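A short worksheet on the structure shown next.
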Amino acid sequence: MEVCGSPAVTLREFGCEQSLLSRPDGSASFIQGDTSVLAAAYGPAEVKVSKEIYDRATLDVLIQPKVGLPSVRERAQEQCVRETCEASLLLSLHPRSSLTLILQLIHDDGSILSCFLNAACMALMDAGLPMSFLFCGVTCAIDVDGQIITDPTAAQEKESRAVMTFAIDSKEHKVMMSSTKGSFSVNELQQCVAVSQKASEKIFQFYRDSVKRRYSKIL
Amino acid sequence: MKETLLSNCERDFLLQAIAEKKRLDGRQTYDYRKMKITFGTDYGCCFVDLGKTRVMAQVSCELVAPKESRPNEGIMFFNIELSPMASPTFEQGRQSELSVKLNRQLERCLRNSKCIDTESLCVVSGEKVWKIRVDVHVLNHDGNLMDVASIAAITALCHFRRPDVSIQGDEVTVYSPEERDPIPLSIYHMPISVSFSFFQQGTYLLVDPCEREERVMDGLLMIAMNKHREICSIQSSGGIMLLKEQVMRCSKIASVKVSEITELLIKALENDKKARKEGGRCGFAESMPQERITALKFEETSVEMTDVAERASDVVQGAEAPPLMVPSPVVPVPGVGQVGLGLQNTWGLEEEDDDEEEEAEECANRGEEGEEKVTKMEVERHKKDASREEDVVVLSDSEEEEVVVLHPETSAKTPNTAGPRSHQNGAATSKKRKKK
C-alpha cells in the first residue's frame, strides 16, 4: 500500500493557445501530451427567462465528444467542471446573465477530465470573466504495484487499479472537486491529493507564464 | 441566444462596398480566403481553416448489419454538428434550419455522387458491412460553412484507414491496427463544394462569403464539383433568379477553384503521410503554432514527491476515525425499515412524530436491503421499538378520526402500530408530494 516515493512522477509536456477562435468571447486550447481539448467561453450574455437566476449568473457547461452525441459520461464530466467553475467564478457580479462554457474533445489520450478543467480555466481567463481564484486539474493513477502515476496516458489508465482527478485552487492549494474510479485506501487517497497539490504548482506557474507572455507586448 | 440584428448602416455599407467591387477584407470577387488543412493524431481526423472559419471532421467505422434493400453495400452516415462554440446563436441539440440545410447538402454532395465505393465496405453479404460515420464539428463560424464542411469531410475520408478484415469460411477476423496495417477507403473522386453569394437581385456575385457578407446576401448558389469538371450537386437557395449565362460562368469559376483546392488537399495528405512514415509525432498537439505570443509550451516536467508520504500520513492521523459502530436498520413491519432516530422536527407542525414517520418512510425504500440484513435481527429490539411506536401512536391516535388497518395479516400487536402509522405514512407522503 505504501508508495516508494523516490522515483519522481512526471507531468507530460503541456501547451496552451489562447484566443484562437474569433466568435467566442474567450477561447483556449489545452494540450497534455497527446490529449487535447478546445474550450470556448461566452458571457456574460442574455439568458433564457426559464434559466435565469435573480442574483447570479447562470453557468452552462457543454462537453462535446468527437463522435456521436453527448451521453451520460459527458453529463457527469460536465457536472464536475461546472461545480468547479461555479466555485471560482464571481457569479454574483452578473445577475440574470448567462455564462456558457463549451469544451470540445479533440483527442483523448488519458487524463481527459483534468485537461477539460485546465482548458476551462484558460478560456475563462481569456474571456476576462472575474474569478476569485484560478483552478487546475490533475489526474493521478495507482497502478497494480501501488505506484502513483500523475497525468497518465490512456494505456496507463487502463492498466491501473484506480484513477483520480482533483481540481486544485490556486489560492490555498486545496481540493475543490474530486472524481475517482477504482478502489484505493485512505492513505493512498491522501498521498494522491498531496502529489496533485505539488503538481498543481507547476500548472499554475504555466498559467502565469502564458499570461505574462501574452501581455508582454502591451505597455 | 438570439441573433444580434445587423444595423441598417452596416448593411448599407456592405452593399455599397460590394457595388464598388470592394470587400471587407480586401479580397477580389473570386478570391478564397487563406485555407489551412491539418490532421489529428488518429486516422480520419482533420481540421480545415478557411480564414477564421474552423471545422473539425472525424471519421469512424463499425461493423453493422446492412440495409435490407442493399445487402452488399456499406453504409455512410454524415453528421454536421453546429457546436454552440461556433456562434452564440447555435444551440445544443436544436435542429435549426441551417443545420438541416447543411446536413442535406453534404449528404447530396458526398453520398449521391457515389464518391466512395460502398461495395468494398461489404464484409459478409447480408450480414456484416462497415458503417462509415463522418462527424463534422463546426468550431468557429465566420461564413461559408458548406464549403469548409465538404472539404473537411472529403479530406477526412481520404485520410481515414479502416481495420483490416479476413474471412475464413464463416469466421470473420477483424485485426487491430497493431496486428495489421489498416487500409484506406476506396474513393473514386473528391467532390468539393464552392459557394457563390448574390447581392442586389443577382447583379453582384462573390465567392466564399464571410459571415457579414452572408448576412446581407440575397441568395446562395452552391456547386459541388470534382477536379474532372463533373458537377456532383448544384443548389440555389434564397429565391434569386439567375440567368443561364450566370450559372455557366459560376460553374467555370467553380472548376478553377476546385482544382486549386484539390491540389492543396492532396499536398496536405502527402505531407501528413510523409510525417507519419518518418515516425514523427503528428496531430493537433504538433500543429500548435509555437511562435505566437498567445501560445506557450512546457516540456515534460517532474513533480517532487519527497514529503508526500509524510504529509499524507499526517492528514490521515489527524482526521477523525470513522465510527466503527453503524446503526443497523430495524424492521418493525415487513417492508418498513428504520435506521437511527431521525432529527428533531423544526417545522413546528402539529405532529412531532412526523420526522420519525418520514425517516421510517425513507427507510422503507431501503427496507428491502434492510430486511435481508435484518432477517437475523433480535426480537427484543423489535419489541422495544414497537413499544416506543405504541407510545407514539397513542399521542396521535386521538387526532385520527379513522383508523385504517392496512396489514391485517401481521401479528396482533402490530396492526395497532402498523395501521395508523401506515395511514400517517400515507398522509406524510401526500403532504410531501403536495409540498413538492
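Quick caveat, the model's predicted, so the values are computed rather than measured.
- Your options are B/Thr53, B/Asp135, B/Asp49, B/Asn140, and the one with the most heavy-atom pairs under 4.5 Å with chain A is B/Asn140.
- The most heavy-atom pairs under 4.5 Å with chain A, out of B/Asp42, B/Val134, B/Val59, B/Asn79, come from B/Asp42.
- Ranked by heavy-atom pairs shorter than 4.5 Å toward chain B, the options A/Lys202, A/Glu17, A/Arg12 are led by A/Glu17.
- Using modelled atom types, no side-chain atom of A/Arg23 and backbone atom of B/Met85 make a donor-acceptor pair closer than 3.5 Å.
- Taking 4.5 Å as the heavy-atom cut-off, the residues of residues 68-80 of chain A that approach chain B are A/Gly68, A/Leu69, A/Pro70, ordered by number.
- In terms of heavy atoms, B/Met56 sits closest to A/Leu105 at CE-O, 3.8 Å.
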query: Are A/Leu20 and B/Arg54 close enough, and set up right, to give a side-chain contact (heavy atoms from CB on, under 4.5 Å), and what steps lead you there?
result: CA-CA 10 Å; A/Leu20 61 163; B/Arg54 265 187 104 132; 3.6 Å; yes

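- Contact annotation for A/Leu189: neither backbone nor side-chain heavy atoms come within less than 4.5 Å of a heavy atom of chain B.
- Pairing each heavy atom of A/Glu13 with each of B/Phe298, the nearest pair is CB-O, 3.1 Å.
- For chain A, the option among B/His137, B/Lys52, B/Glu299 with the highest count of heavy-atom pairs below 4.5 Å is B/His137.
- Per-residue counts of heavy-atom pairs under 4.5 Å with chain B were compared for A/Thr150, A/Asp209, A/Asp151; the largest is that of A/Asp209.
- When all heavy atoms are compared, the tightest approach of A/Tyr42 to B/Pro84 is CE1-O, 3.3 Å.
- Of all the heavy atoms in B/Ser83 and A/Gln64, the pair that sits closest is OG-NE2, 3.8 Å.
- Atom CD of B/Glu97 has 12 or fewer heavy atoms from other residues, nucleotides or ligands within 6.0 Å.
- Contact count versus chain B (heavy atoms, under 4.5 Å) is highest, among A/Arg214, A/Gln18, A/His107, for A/His107.
- Across all their heavy atoms, B/Leu139 and A/Leu38 have their closest contact at CD1-CD2, 3.7 Å.
- Looking at B/Ser87, both its backbone and its side chain come within 4.5 Å of chain A, counting heavy atoms on both sides.
- Within the 4.5 angstrom heavy-atom criterion, atoms from both the backbone and the side chain of B/His141 approach chain A.
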